Student: 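Questions regarding the structure given below will be posed in turn.
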There are 2 protein chains.
Amino acid sequence: MKRKPAKEYTTEQQLPRLGTSPYLKLMERTASSDTNLNSAHLGLIMLWTGDNILDMVDIDLAAFDITESKLDLLLLLSLHADQELVTPSSIADRLGIRRSSVTALLIWLEKKNLIVREPYAKDGRMTHVRISAEGRTLVNQILPTFWSTCASLVDELNKEEQAVFQKVLVKLNASLEKRLGSGR
Amino acid sequence: MKRKPAKEYTTEQQLPRLGTSPYLKLMERTASSDTNLNSAHLGLIMLWTGDNILDMVDIDLAAFDITESKLDLLLLLSLHADQELVTPSSIADRLGIRRSSVTALLIWLEKKNLIVREPYAKDGRMTHVRISAEGRTLVNQILPTFWSTCASLVDELNKEEQAVFQKVLVKLNASLEKRLGSGR
DNA sequence: CTCCTATAGTTAGATTATCTAATTACATTG
DNA sequence: CAATGTAATTAGATAATCTAACTATAGGAG
């Protein structure tokens, strides 16, 4: 969760915007000799951009009183609604977080009646989790805005730029998911 | 903060990896008619990638017992070390967070002797914040790894891909920073 | 020169998303 | 059937954020 200060006061004294170049100079001075500076620069901008994108999405979802993590989980349940068994463990595994973290999310979602937890008859230790009708309704309310926010992220890019960007990004993301061992 | 499960147990039953296509199908069904689906798709992948990149960097920084937010602040102080006056307010303004959030970060950093807070003589309400010698040492220890992590993010891409990617990314990030009103 | 108000910083208290460790309950297997 | 493994939860912690309230100082209006 981050950003979106409503404006506290307008401060008089300010720090100047330095831009990218001081970071690059610092990098030149402090990077190990076997680090490719161009790649590092690119990675840094990617990191900053990722941060900004997360912020944008958070801000938009705030209107629906939900966070990206929770929407993520609801979508996961949506897309696996046909599965006989969806347990907190398997959710944790898929999301790359601990079971206890999933429990916390589920408690919140259940309190709002967005999901249902049902004991699993075939194995008394397990619980089946599914999205509720209310949950589906909420998701359907959120998604049009969510997709339009996603689209707006890359608004500035023209068709051609989008095309090359997409190609490279898909490759990049695949490699990251592989390295993290996580992914959809 | 996210991800990095050490492995709790290996769960037997798992949720299948669905990949991107069910998300796209869902999008086709639920996006408003004035949303460009290609753009939305691209934005979605961008969001996922951003998430993964954040995770990678977090994991690497964890070894130094510091988080991205805190390193960010230390770098900010580093780069403004020549300024006569750097206040919590101006930091909050630059980082796009509230003053009270900055206070929390500063308390942590000060406890570890990474920064120094000095009363500002010319205005008794203000405090000048600067990075300490210890802080500078830590930053110098972290940066080589940090840059190499940044570089490794885009390892998979060849020279040519990096070049187009960079061009588009810079443009994209500039537009996001403008929209968020934040930025370096 | 004193009083009001604006500003800077902090504190108090809350939320969200994580984690680890401990606990509870059920299942399996020797 | 007792020991051990697994699923889920609970308890308690940390990090990063927020809003609201508070304290202290500054600066201007009488």
Side-chain angles (χ1 to χ4, degrees), chain A residues 1-14 51 54-55 58-59 61-62 65-73 85-93 95-112 117-129, chain B residues 1-14 51 54-55 58-59 61-62 65-73 85-93 95-112 117-129:
Chain A
M1 216 99 313
K2 251 176 146 186
R3 316 271 142 116
K4 198 182 144 193
K7 189 201 304 175
E8 215 162 3
Y9 296 82
T10 311
T11 313
E12 230 39 71
Q13 64 83 218
Q14 288 197 326
D51 230 348
L54 266 290
D55 287 351
D58 277 346
I59 289 171
L61 288 181
D65 217 357
I66 202 164
T67 57
E68 209 215 323
S69 318
K70 282 160 187 163
L71 178 58
D72 222 36
L73 177 42
L85 178 58
V86 178
T87 63
S89 285
S90 62
I91 294 169
D93 197 46
L95 296 181
I97 59 178
R98 296 316 194 107
R99 281 176 299 168
S100 59
S101 307
V102 172
T103 300
L105 294 173
L106 293 178
I107 288 172
W108 191 96
L109 291 167
E110 194 176 50
K111 219 179 287 172
K112 299 227 167 182
R117 285 195 268 198
E118 301 166 328
Y120 183 62
K122 296 186 196 165
D123 186 331
R125 294 167 299 181
M126 299 186 182
T127 303
H128 175 61
V129 181
Chain B
M1 214 95 321
K2 250 176 151 189
R3 317 268 143 121
K4 197 183 140 191
K7 186 201 305 175
E8 214 163 1
Y9 296 81
T10 312
T11 311
E12 232 36 73
Q13 63 86 217
Q14 288 197 327
D51 230 348
L54 266 292
D55 286 351
D58 277 346
I59 289 169
L61 288 180
D65 217 358
I66 202 165
T67 56
E68 209 216 320
S69 317
K70 282 161 186 162
L71 177 60
D72 221 38
L73 178 42
L85 178 58
V86 178
T87 62
S89 286
S90 62
I91 294 168
D93 197 46
L95 296 182
I97 58 178
R98 295 317 192 108
R99 283 175 297 163
S100 59
S101 307
V102 172
T103 299
L105 294 173
L106 293 178
I107 287 172
W108 190 96
L109 291 167
E110 195 176 49
K111 221 178 284 171
K112 300 226 167 183
R117 285 195 268 198
E118 301 164 329
Y120 183 62
K122 296 185 195 165
D123 186 331
R125 292 167 300 182
M126 298 185 183
T127 303
H128 175 61
V129 181

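Every chain is numbered from 1 and lettered A, B, ... according to where its sequence line falls, protein lines coming before strand lines. Since we're looking at a predicted model, the values are computed, not measured. Both backbone and side-chain heavy atoms feed into the values below; hydrogens, waters and symmetry mates do not.
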Student: OP1 or OP2 of C/dT18 versus the side-chain N and O atoms of A/R98: is any pair under 4.0 Å?
Tutor: no
Student: Within this structure, what is the CG-to-P distance between B/L54 and C/dA17, rounded to whole angstrom?
Tutor: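 One finds 15 Å between P of C/dA17 and CG of B/L54, rounded.
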Student: Side-chain contact test, heavy atoms from C-beta onward, threshold under 4.5 Å: evaluate it for B/K122 versus B/L85 and give yes or no.
Tutor: no
Student: Could you tell me how far apart B/I91 (CD1) and D/dT17 (C1') are, to the nearest whole angstrom?
Tutor: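 After rounding, the reported distance stands at 16 Å.
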Student: Roughly, in whole Å, what's the span from CD in A/E118 to C1' in D/dA8?
Tutor: 16 Å
Student: Between A/L105 and A/I97, is a side chain to side chain contact (heavy atoms under 4.5 Å, CB included) present by the stated rule, with each step listed?
Tutor: CA-CA 11 Å; A/L105 294 173; A/I97 59 178; 4.1 Å; yes
Student: Quick one: does A/S100 reach the base of C/dT18 with a side-chain donor-acceptor pair under 3.5 Å?
Tutor: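 There is none.
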Student: So what does A/T103 touch, heavy atoms closer than 4.0 Å: a base, only the sugar-phosphate, or nothing?
Tutor: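 Here A/T103 touches the bases of the nucleic acid.
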Student: Would you say A/R117 places a side-chain N or O within less than 4.0 Å of OP1 or OP2 belonging to D/dT9?
Tutor: yes
Student: If we only count heavy atoms from C-beta on, is the A/T87 to A/Y120 side-chain gap below 4.5 Å?
Tutor: no
Student: In whole angstroms, how far is the P atom of D/dT17 from the CG atom of A/D55?
Tutor: 9 Å
Student: Go through C/dT11, D/dT10, D/dT17 for me and flag the one nearest to the B/I97 side chain.
Tutor: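 That would be D/dT17.
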Student: Once you round to the nearest 0.5 Å, how far does OG of B/S69 lie from CG of B/L61?
Tutor: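 Interatomic distance, B/S69 OG to B/L61 CG, rounded to 0.5 Å: 10.0 Å.
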Student: Taking all atoms of both residues into account, what is the closest heavy-atom pair of B/V86 and B/H128, and its distance?
Tutor: N-ND1, 3.0 Å
Student: Answer whether the closest heavy-atom distance between the side chains of B/K112 and B/I66 falls below 4.5 Å.
Tutor: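 Not touching, per the 4.5 Å side-chain cut-off.
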Student: Under 4.0 Å from OP1 or OP2 of C/dA8: is there any side-chain N or O of B/T87 that close?
Tutor: no
Student: Please report, rounded to the nearest Å, how far the P atom of D/dC18 is from the CD1 atom of A/I59.
Tutor: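 Rounding to the nearest Å, CD1 of A/I59 and P of D/dC18 are 11 Å apart.
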Student: Quick one: which of D/dA16, C/dT18, C/dG9 gets closest to the side chain of B/P88?
Tutor: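 Among the listed nucleotides, the one closest to the side chain of B/P88 is C/dG9.
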Student: Is there a side-chain contact between B/D65 and B/K70 (heavy atoms, below 4.5 Å)?
Tutor: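 They are not in contact (no side-chain heavy atoms under 4.5 Å apart), so the answer is no.
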Student: So does A/R99 get a side-chain nitrogen or oxygen closer than 4.0 Å to the phosphate oxygens (OP1/OP2) of D/dT9?
Tutor: no
Student: Could you state the atom-to-atom distance from CD1 of B/I66 to P of D/dT14 in whole Å?
Tutor: 17 Å
Student: I'd like to check A/V102 versus A/V129 (side-chain heavy atoms, cut-off strictly below 4.5 Å). Are they in contact?
Tutor: no
Student: Quick one: which protein N/O atoms are closer than 3.5 Å to N/O atoms of nucleotides 25-29 of chain C? Pair and distance per line, please.
Tutor:
| from | atom 1 | to | atom 2 | distance (Å) |
| --- | --- | --- | --- | --- |
| C/dA27 | OP1 | A/G124 | N | 2.8 |
| C/dA27 | O4' | A/R125 | NE | 3.4 |

Student: Which nucleotide in the list C/dG9, D/dA16, D/dC18 gets nearest to the side chain of B/S89?
Tutor: C/dG9
Student: For A/I107 and C/dT18, what is the distance between atoms CD1 and P respectively, to the nearest whole Å?
Tutor: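 Checked: the CD1 to P distance equals 15 Å.
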Student: Classify B/S101 by what it touches in the nucleic acid, base, sugar-phosphate, or nothing, heavy-atom distance under 4.0 Å.
Tutor: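 Result for B/S101 = base.
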Student: Between A/A104 and B/L106, just flag the one whose closest nucleotide in DNA chain C comes earlier from the 5' side.
Tutor: B/L106
Student: Rounded to the Å, how far apart are A/L73 CG and C/dT16 C1'?
Tutor: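 Between C1' of C/dT16 and CG of A/L73: 14 Å.
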